[in-house]
Every structure is written in structure tokens, then in C-alpha cells.
Protein chains: 2
Amino acid sequence: MADVAREAGVSVMTVSNVVNERLPVNEPTRARVMAAVEALGYEVNLTARHLRAGRTDTVAFIVPSFHDYFGEVSDKIAPLIEAEGRHLVLERTSGSPEHEMAALSVARLQLYDGVLLSVVGLDRDQLDRVRTAKPIVLLGERDVPDRFNHVRLANEEGARLATAHMIEHGSRRIVGLGCTFDTAHMMTSDRRIGWERAHRDAGLDVDARYVVPISTFTSAAGRDALLDVIASGLPFDGVFAVTDVVALGAVAALAESGLRVPTDVQLAGFDNLDMSSFIPPGLTSVDANHEGVAETAVGLLHRQMAGWTGPAEHVVAPVRLVVRGSTRGGA
Amino acid sequence: MADVAREAGVSVMTVSNVVNERLPVNEPTRARVMAAVEALGYEVNLTARHLRAGRTDTVAFIVPSFHDYFGEVSDKIAPLIEAEGRHLVLERTSGSPEHEMAALSVARLQLYDGVLLSVVGLDRDQLDRVRTAKPIVLLGERDVPDRFNHVRLANEEGARLATAHMIEHGSRRIVGLGCTFDTAHMMTSDRRIGWERAHRDAGLDVDARYVVPISTFTSAAGRDALLDVIASGLPFDGVFAVTDVVALGAVAALAESGLRVPTDVQLAGFDNLDMSSFIPPGLTSVDANHEGVAETAVGLLHRQMAGWTGPAEHVVAPVRLVVRGSTRGGA
DNA sequence: CTGTTAGCGCCTTCAG
DNA sequence: CTGAAGGCGCTAACAG
């Protein structure tokens with residue numbers, strides 16, 4: 001900018017005023033400055049501006065991975081952030097507590113005006129150690145301290161809906177694929193509770209053998225786990241998969257084993273990903289309402305960035321069951 | 001940092017030296033500084049450091065959307081960047097030329113030590129207007145100026161492989177779903193050429209009616225377009241879909257219409273997404289080798305960031321056909 | 001080993 | 001309308 005000022009024979013402040021159209025500048029001066037800007041290919045240094053301003057006009061969405069669910073949610077969040085004139089950037093934690101903690105360090109938070117964090121690895125105690133006034137909204141199914149804004153899904157209710165729907169349509173032995181009880185993953189625990197409650201509500205026994213653990217939340221792990229169940233001879237006539245990605249693995253396992261969906265086995269998932277309506281015969285799934293979650297979370301973040309200092313909110317986003325051909329109530 | 005210095009009764013330089021473990025500091029002094037750091041909860045201001053250092057230790061991967069293909073590639077790129085001690089952030093352009101151009105502005109580039117950009121909207125002339133010494137690697141199927149490092153896929157060859165494979169196994173009328181000839185999307189044009197070449201190589205006519213346009217590269221658009229073909233009565237016994245996401249739409253359309261895969265219609269896609277192996281009966285797909293593309297692109301970027309000034313490279317990443325149950329050569 | 005000086009590039013404030 | 005001064009927070013270079 002100093003170079004431009006010299007080239008145009010004015011002070012840096014005049015250059016700044018021209019470039020940012022802040023204060024009015026005489027036309028001839030303005031023209032000289034613009035000419036110098038063009039000649040030198042000058043553009044503002046954002047790092048310097050950020051330092052000076054104490055703001056970056058940037059919001060970070062910090063996710064475990066860029067895949068599937070988070071990719072879909074990110075695409076909903078981006079326009080909402082941009083509508084307020086800020087940029088959105090994504091960062092990745094691999095779901096590890098260390099990475100998540102690092103992302104919440106004072107140092108990293110300073111790079112952003114606000115942060116949306118999908119918590120997967122951190123527990124309540126670790127989160128309680130985070131001290132910062134930076135606007136933050138936590139997403140995800142972990143338990144979090146009261147002072148953080150938090151948006152989560154109605155996991156238990158969703159799992160209950162899906163399971164009850166299959167029971168209603170005749171299933172009596174429903175595998176809870178990946179619905180393990182696990183303090184590290186409240187998501188699976190909550191969904192398991194919903195699976196259980198649907199059984200109890202219907203007066204059915206809860207048989208722990210039908211809760212099948214999976215090694216990771218991938219289609220491959222879902223497929224392998226269900227193939228093991230089939231090989232074991234445990235009879236079943238329904239599968240509630242903890243996510244749609246896992247359900248896709250179940251689809252593969254059932255097809256390979258010659259089991260028909262929904263005739264022999266009903267199947268339901270959770271997340272209602274874009275792909276789920278296209279997988280024949282259409283995957284019945286709990287809709288996590290990405291759009292609504294994105295709006296709620298961004299709304300809370302904007303409120304904080306605008307200076308709101310009231311108590312944090314803890315929103316449980318409602319879910320609904322989308323019935324498709326993989327269950328017998330479907331089309 | 002000044003606060004810490006005052007609290008500890010030392011100069012800011014000493015604080016800096018302690019915090020960054022740069023120069024050795026006497027143990028008692030060090031302890032006093034650390035105590036002050038803890039007491040005040042001090043952490044370095046990265047924006048200031050970046051300004052001072054002229055580096056940000058951050059690389060941006062700028063993508064059209066966070067979905068599907070780009071999400072999968074991003075997850076491959078992240079560890080490679082982190083292995084060199086830098087952070088990766090993702091930004092989104094929606095595929096619009098304006099956003100892509102803005103991302104390449106001098107101002108935005110200054111925020112990063114290097115940039116990987118998936119070009120979708122910009123043409124060669126627009127890219128030629130970008131003047132910067134910042135390390136950049138372009139990804140994607142557009143034509144780009146020679147001076148940029150560029151990694152693209154062997155689109156034509158991949159499409160040819162997939163189409164030839166279906167011809168070899170008996171298909172004679174293969175729909176090129178989304179393989180329109182379109183200057184705005186070199187990807188589809190190149191894949192169409194491959195589709196054509198497979199026909200010619202086999203001595204078959206190229207019938208333009210079998211090139212079916214789609215409105216967007218989504219499953220919904222793929223499904224709708226193929227349903228229209230079916231409704232039109234145009235006979236076909238194979239589908240080459242321009243991407244796996246589109247192929248998934250074709251899967252749905254075929255299933256709804258009672259057409260069996262691969263008995264009545266063979267089907268192949270492009271990208272070999274994670275989901276593709278799980279969609280019954282397994283989607284035959286051209287493997288875009290995400291991992292290899294990620295390694296190549298990041299390798300070129302690292303070379304530039306390390307100061308290499310030799311001529312830019314234009315890499316065409318090889319592809320291979322992964323045969324699964326949706327074609328008759330499959331398992 | 002520790003402190004002082006200076007400047008990265010910008011913009012708010014105040015003076016002319 | 002234009003310019004000069006000062007500081008955002010940090011660290012390289014040099015001095016003590």
C-alpha cells in the first residue's frame with residue numbers, strides 16, 4: 001500500500017480511503033490512485049486487516065471428517081454464513097479429542113469470529129476446561145456443559161420411531177446394528193435406548209444378542225457385522241442401522257445373502273442422506289433435518305456474534321421418520 | 001503478551017522465547033513466565049504471528065461443494081498436508097466462476113501458503129488473468145494455462161474402458177447418461193468422447209439419441225432423465241453414467257421400472273465412491289484413484305511451497321475400471 | 001541469558 | 001478533502 005501511495009504521490013491513508021471507499025476522495029486523486037493500484041496489482045493484505053480490526057469475518061465449521069453427513073450439513077451451513085457477509089471454512093479433527101481440543105484453543109479460535117464444532121471425541125469435563133468468550137456452538141450428541149450453545153438430534157425418539165414402525169409392520173427380531181451402549185458415543189447409546197423403548201412399548205422382550213457392535217461407522221463395517229450375524233444363525237427379521245452409511249452396508253450384506261428387503265427383513269437407517277432415497281427399494285430413514293439443524297446452529301452463532309450474552313441454549317432438533325420401500329409401510 | 005511480561009516482570013521477548021522455546025531462558029525466569037502465562041490464560045495471537053512471519057502454515061482446498069466426491073478427496077488430502085506440519089482448510093465456491101475467481105484474488109491467496117483449487121467454472125482465459133506467485137495446484141477437467149500445475153483424470157480413457165467393457169459383455173445400445181458435449185464441462189465432453197470411441201472401436205454406430213443430458217449432476221436428475229428415456233420407448237441395454245452419483249439415480253430408475261441389472265441393462269459409473277461397492281449388485285465404476293490424485297496434487301504443491309520454480313506440470317492421473325455386479329463381467 | 005528497537009500492513013484518530 | 005502519528009501482537013536482529 002505504501003508502494004501504491006508513492007506511485008500515486010499521495011499518502012497511504014488516501015490509498016486506503018480509495019480502495020475501501022470509506023471517506024470521499026477527489027476524483028482526480030482517486031483516478032491517480034486507481035491507476036497506481038492497477039499498475040502494481042495491489043490488493044489489501046487481509047492478515048494485516050484482521051490484526052488491525054480484531055475480526056476476520058470468517059466462521060469455522062470444525063468436523064470429524066469431510067464425508068457424508070458432515071459434507072451434507074456443511075453445504076447447508078455455507079449459504080447461511082455467507083448471507084451475513086462472512087466466509088465459512090471447514091476444518092477436520094478426525095474425531096480425535098486432541099484435535100478437537102486444539103481447535104478450541106484460544107490461539108486457533110482467534111482466527112475466527114465464531115466456531116461451529118461437531119463434538120465427537122470430547123467429554124463434558126474436557127469441554128468444561130475450555131475458557132473463551134469466543135462465540136461457539138456445539139453440534140452433536142455428546143453431553144456438554146450448560147454454558148455452551150448446543151444443538152443435537154432427538155436420537156432416542158428417532159430410533160424409537162424407526163424401530164416401532166418395523167414392529168408395527170410385523171418385525172419381531174430387530175437387529176440394532178451399531179447401537180452399542182458406549183460412553184464414548186452418546187449417539188449410539190441414545191439410539192439404542194430408543195430401540196429398546198420401542199420394544200418395551202410393544203410389549204416385546206429386549207434381547208441383548210440383537211445389539212450388534214460395529215468397529216467403525218462405515219458401510220464396510222456394517223456389512224461385515226451383519227454378515228457375521230447371518231452366519232451365526234441368529235434369526236432376525238428387521239435391522240435398525242445406527243446411520244444410513246451403516247445401513248448401506250446392511251443392504252449389501254442382505255443382498256449377498258439372498259435375503260429380500262422388505263419381505264424377509266425390514267431395514268431402517270438414520271440421517272436420511274441424499275443417497276438414501278435412491279438405494280432400491282428406497283431406504284426408510286430417520287430424517288435428521290440437516291437444514292433445520294444448520295439454521296438453528298447458525299442462528300445461535302449469529303446471536304452470539306451480535307453480542308447476545310444471555311444464557312446458552314440447548315436445542316434438541318426434532319426428527320421424523322421417512323418411510324420408503326425398505327420397510328413394509330413404504331410405497 | 002505484554003500483560004504476561006508485566007506480570008512476570010520481564011520483557012516481551014523473554015515471554016516469546018519461553019512460549020516458543022526459541023532461545024534458552026534461565027529456569028527461574030522461565031518458571032515465572034510460565035506461571036504468568038497460566039494465570040492469565042495467555043495464548044499466542046496467530047493473526048499477528050502470520051502477519052509478522054508472512055506465512056500462515058495453512059493450505060486451502062477450494063471446492064465447488066463439500067459433498068460426495070470432494071468430501072472423499074478432501075479426507076485423503078488432509079493427512080498429507082498435516083504430515084508437513086500445516087493445516088488444511090476447505091472453502092466452497094458453489095462452482096460459480098465469480099467465487100472461484102474471488103478465491104484466486106491476491107487478497108484471499110495471502111491467507112494461505114498454498115492453494116488447491118478444483119476448477120469447475122473458470123475457463124482458460126479467466127485463469128490466464130490470475131497473476132500471482134502463490135503456490136497453486138489446479139484440479140479438475142477444465143483446460144488451464146500452461147503455467148499452472150494441474151492434475152486431471154483420464155476421463156476419456158475411463159469412459160472408453162467402461163463402455164467397451166459393457167459392449168464386450170453384450171450391450172449394443174448404451175445410454176451415455178449425462179455425457180453431453182458441453183464447453184462448460186470438459187469432464188462430460190471428454191467422457192462422451194470415450195463413450196463414442198468405445199463404440200467405434202467395436203465397429204458400432206454412434207447414435208446421438210443415446211447421449212442423454214441431465215440438468216445437474218445429482219442422483220435425482222439422473223433418475224429423472226433415465227425414466228424419461230424409458231418412457232420414450234428408446235430401447236437400451238446399457239447405461240454409462242457420467243458419475244457414480246448419477247449412476248445411483250439410474251439404479252433407482254431401473255429398479256422402479258422393473259429392469260434387472262445386469263440381466264436387462266448393464267450399468268457403469270465414474271468415480272468409484274465409497275458407496276459404490278455396496279449398492280447391490282455392486283456398481284461397476286471407473287476408479288478415479290482419489291488417493292493418487294491427492295498425493296500427486298499435494299506433492300506438486302509442496303514442491304512449489306519449497307521454492308521450486310521449474311516449469312509447471314500437467315498430470316493426467318490414470319484410471320482403472322473396477323468391475324462389479326452391475327455389469328456382466330462382474331462377480 | 002535478557003532487553004531494546006524496529007517493522008510486518010492496516011486503519012482509527014486527530015490535525016491541517 | 002488529505003496527511004501524520006500510532007498501535008493491533010508478534011518476532012528477527014542486534015546490543016548489552
Side-chain angles (χ1 to χ4, degrees), chain A residues 1-37 40-58 85 87 105-113 132-134, chain B residues 1-37 40-58 85 87 105-113 132-134:
Chain A
M1 190 183 261
D3 296 341
V4 175
R6 199 173 320 111
E7 173 88 8
V10 297
S11 74
V12 290
M13 268 325 298
T14 302
V15 176
S16 178
N17 285 329
V18 169
V19 171
N20 300 298
E21 300 178 335
R22 212 178 311 274
L23 299 183
V25 174
N26 263 356
E27 185 47 36
T29 321
R30 215 188 69 78
R32 267 209 330 285
V33 171
M34 286 310 287
V37 165
L40 300 180
Y42 167 80
E43 286 190 45
V44 64
N45 180 321
L46 290 176
T47 305
R49 173 180 288 177
H50 293 168
L51 175 60
R52 174 65 230 239
R55 295 183 294 109
T56 62
D57 295 321
T58 304
H87 290 280
S105 68
V106 176
R108 301 296 301 289
L109 289 174
Q110 279 168 333
L111 291 174
Y112 305 112
D113 291 351
T132 172
K134 188 67 67 173
Chain B
M1 189 181 262
D3 295 342
V4 175
R6 199 173 317 112
E7 173 88 8
V10 297
S11 75
V12 289
M13 264 326 293
T14 302
V15 177
S16 178
N17 285 328
V18 169
V19 171
N20 300 298
E21 299 176 336
R22 210 178 314 272
L23 300 183
V25 175
N26 261 357
E27 184 48 33
T29 321
R30 216 189 69 78
R32 269 212 326 286
V33 171
M34 287 309 287
V37 165
L40 301 179
Y42 167 81
E43 286 191 44
V44 62
N45 179 321
L46 290 175
T47 305
R49 173 182 288 177
H50 293 167
L51 175 60
R52 175 66 231 237
R55 295 183 294 109
T56 61
D57 294 320
T58 303
H87 290 278
S105 68
V106 176
R108 302 293 301 289
L109 289 173
Q110 280 167 331
L111 291 174
Y112 305 112
D113 291 351
T132 173
K134 188 67 69 173

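Per chain, numbering begins at 1; letters A, B, ... match sequence-line order. Side-chain atoms are counted along with the backbone in the values below, which use heavy atoms only and exclude waters and symmetry mates.
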How long is the line joining CE of B:M13 and C1' of D:dA15, in whole Å?
-> 13 Å
Test item: B:V37 and B:E7 side chains (from C-beta on) under 4.5 Å apart, heavy atoms | no
Out of D:dC8, D:dT2, D:dT11, which has the shortest distance to the side chain of A:V25?
-> D:dT2
When rounded to the nearest 0.5 angstrom, what is the spacing between OG1 in A:T132 and CD in B:E43?
-> 9.5 Å
Assign A:T47 to base, sugar-phosphate, or nothing according to its heavy-atom contacts below 4.0 angstrom with the strands shown.
-> nothing
Does a donor on one side chain and an acceptor on the other come within less than 3.5 Å for B:R52 and B:N45?
-> no
From B:L111 CG over to A:T58 OG1, what is the distance, rounded to the nearest 0.5 angstrom?
-> 7.0 Å
Length of the line joining B:L23:CG and D:dC14:P, which is rounded to integer Å = 13 Å
May I ask you to say what B:N20 touches in the nucleic acid, namely base, sugar-phosphate or nothing, with a heavy-atom cut-off under 4.0 Å?
-> sugar-phosphate
Round to the nearest Å and state the distance from B:R55 atom CZ to D:dT11 atom C1'.
-> 12 Å
Taking 5' to 3' order, which nucleotide of DNA chain C is first and which is last to have an atom within less than 4.0 Å of a heavy atom in chain A?
-> C:dG9 to C:dT12
Euclidean distance, atom CG of residue A:L51 to atom P of D:dC10 [Å, nearest integer] = 9 Å
Between B:S11 and A:A2, name the one whose nearest nucleotide on DNA chain C is closer to the 5' end.
-> B:S11
Worked check of side chain to side chain contact (heavy atoms under 4.5 Å, CB included) between A:Y42 and A:V19 = CA-CA 10 Å; A:Y42 167 80; A:V19 171; 4.2 Å; yes
Hey, does A:H87 have a side-chain heavy atom less than 4.5 Å from the side chain of B:R108?
-> yes
Rounded to whole angstroms, how far apart are CG on B:D57 and P on D:dC10?
-> 16 Å
How long is the line joining CG of B:L46 and C1' of D:dT11, in whole Å?
-> 14 Å
Nearest whole angstrom, please: distance from the C1' of D:dT11 to the CG of B:N45.
-> 13 Å
Residue pair A:N20 / A:R49, side-chain donor-acceptor N/O under 3.5 Å = yes
d(CZ, A:R52; P, D:dA5) in whole Å | 16 Å
